[in-house]
Amino acid sequence: MRLLLLSVLVLLISSCSSLQTKEDKKPNIIFIMSDDHASHAISAYGGIYDELAPTPNIDRLAAGGITFNNVFCTNAICGPSRACILTGKYSHVNGYYKNEGGGKFDSSQWTFPEELQKNGYETSMFGKWHLGSEPVGFNFFKYHNNKGQQGTYWNPVYNENGKQVVEKGYCTNLTTNFAINWLNSIRNKEKPFCMLLQYKAPHRNWFPDSQYVDIWENTDFLYPDTFNDDYTGRENTAGDTDMTMDFLNRKDMKRTPPEGLEGEELRRWENYGNNRGEAWLPEPGMTQREAREWKYQKYIKDYLACVRSVDDNIGRVLDYLDENGLADNTVAIYTSDQGFYLGDHGFFDKRFMYEESLRMPFLMKYPGKVAENTQNEDMITNIDFAPTLLDIAGVEVPENVQGRSFLPNLTGNKPADWPDAMYYHYYEFPFWHHVHPHYGIRTKRYKLIHFYHNQDIWEFYDLKADPEELNNAIDNPKYNDIIEDLKSRLKTLMAEAGNSMTIAEMDSITTTNFGALN
Ligand code: SGN
Ligand code: CA
């Protein structure tokens, strides 16, 4: 009898301790996301900037883990993409369609950080939130709360757990300081953690940190191949925006205002360039082409200098993990809320379903799980992030989450029925930048887009024959069958995603003012 009792006891203790170790092994998660960081401005992805402006620290994630080459945004604009990421659901399901007049994110709905918190994770969020409503599901948060929650590069105002605080310094450094401080001395170290570190940079108006102002003063950057796109065949879509170099304003170009200007007058002077008919020349006598090139050089240098600070600070975070014995049990991710045009098609900004803004960088270090220098080509979207993070944490994904975990794909085990097409939908118009609302489908090889608001224009691209999307082949009879098939696949995709809106209903999303952000 005593022997039996003893062995029951031993069994109990050993099963408890094995439970304990299982719990202990729950990986920590650091999800780093910046604002408007295009993958072609990350050296791990290559491109025309990688020699002059490499990103060695972001590249550490690629070298130590996996680089995803086909991650796409389902609605390429800030707040909406963030809402998709948090909920694992498309805009028409999470209700957050647009930034301008998009109202506030409904924070009573399910999000992945809240689910992780409920399942024993210590959670936090630092930097750009930009959803209007206060963050829910975090043990600690500190988000940019000035300039309509865009934040400012210098001396930003934050909301720290419900309290306004003005901080002195440069946003990217500050946000990282707060994050590291939380890792080091605020969080409950008995629990696994999930930290969202969301940089404001490199968002417009691209103010670099002091040591990086003018670092490339005597260097000229290369121009993207499509810089002089004349929008043939896309005159009323790509050719009808306010996001060409002409629309970079005086503040973007860091021009010094005349002395004595203040308040509204100063703002008007700085914002000059935003509207049609205001394409100003930086120097008198310049041609429009010279002005565009001049503006591109200033723009790309400031943008990449902002990226440099992001990269430095990611280095600080990765060093902290290394030096504090956390690296081996922490999944570190780097992404951006969408891509961006770096002079591609003559543009800055995002919004279009064209490659440069549709594509999101996504790199992940997952020690013990993913081999170094792995490349992945599977088609993934931003609604897949939430279920994947839950899966990593061993937490069940609720049925109504629309995205799908790509945890198996990390180790090359892509499920046989993994999607080979994605659905995109952008709703905001005309502010900012006058990009016509559109939806579409992208497969590995093709892309079909329908611009529907106050117009009825279809575009089709064969990405193999025309990777730069300069040739809208919608009327090329050679593609008739393919286009018909894509139209029907798009319909199916939208139906499966639960979007049964008529064009009139979609239009009303665009024209309805759902309220201000704050
Ligand atoms: C601001 C910018 C726009 C930018 C939007 C959306 N203008 O309004 O250029 O497209 O943010 O950006 S600015 O003059 O204020 O910089 S997003 O990241 O929030 O989607
Ligand atoms: Ca953004």
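Start at 1 and go down the list; that is how both ligands and their atoms are numbered.
- Side-chain contact, Ser336 with Ser34: no donor N or O sits under 3.5 Å from an acceptor N or O.
- Protein N/O/S atoms closer than 3.0 Å to the Ca ion (ligand 2): Asp35 OD1, Asp36 OD1, Asp337 OD1, Asp337 OD2, Gln338 OE1.
- Under the 30°/60° scheme for interplanar angles, the aromatic rings of His436 and His434 are found to stand perpendicular.
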Criterion side chain to side chain donor-acceptor pair (under 3.5 Å) on Tyr143 and Asn159, from CA distance to verdict: CA-CA 5 Å; Tyr143 66 86; Asn159 178 316; 3.2 Å; yes
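- Using a 30° and 60° split on the angle between ring planes, Tyr341 and Phe347 fall in the perpendicular class, above 60°.
- For Phe126 and Phe140, the gap between ring centers is short of 6.0 Å.
- Between Tyr296 and Tyr299, the ring-plane angle classifies as perpendicular under the 30° and 60° cut-offs.
- Residues of the protein with a heavy atom under 4.0 Å from ligand 1 are Asp35, Asp36, Ile77, Cys78, Asn99, Lys128, His130, Lys147, Gln150, His203, Arg204, Asn205, Asp349, Lys350, Arg351, Trp432, His433, listed by chain and number.
- Between Asn99 and Gly79, the shortest heavy-atom contact is OD1-N, 3.0 Å.
- In this structure, the side chain to side chain contact (heavy atoms under 4.5 Å, CB included) partners of Tyr272, at least two apart in sequence or on a different chain, are Arg250, Glu278, Trp280.
- Under the rule for a side chain to side chain donor-acceptor pair (under 3.5 Å), Thr256 has no partner lying at least two apart in sequence or in another chain.
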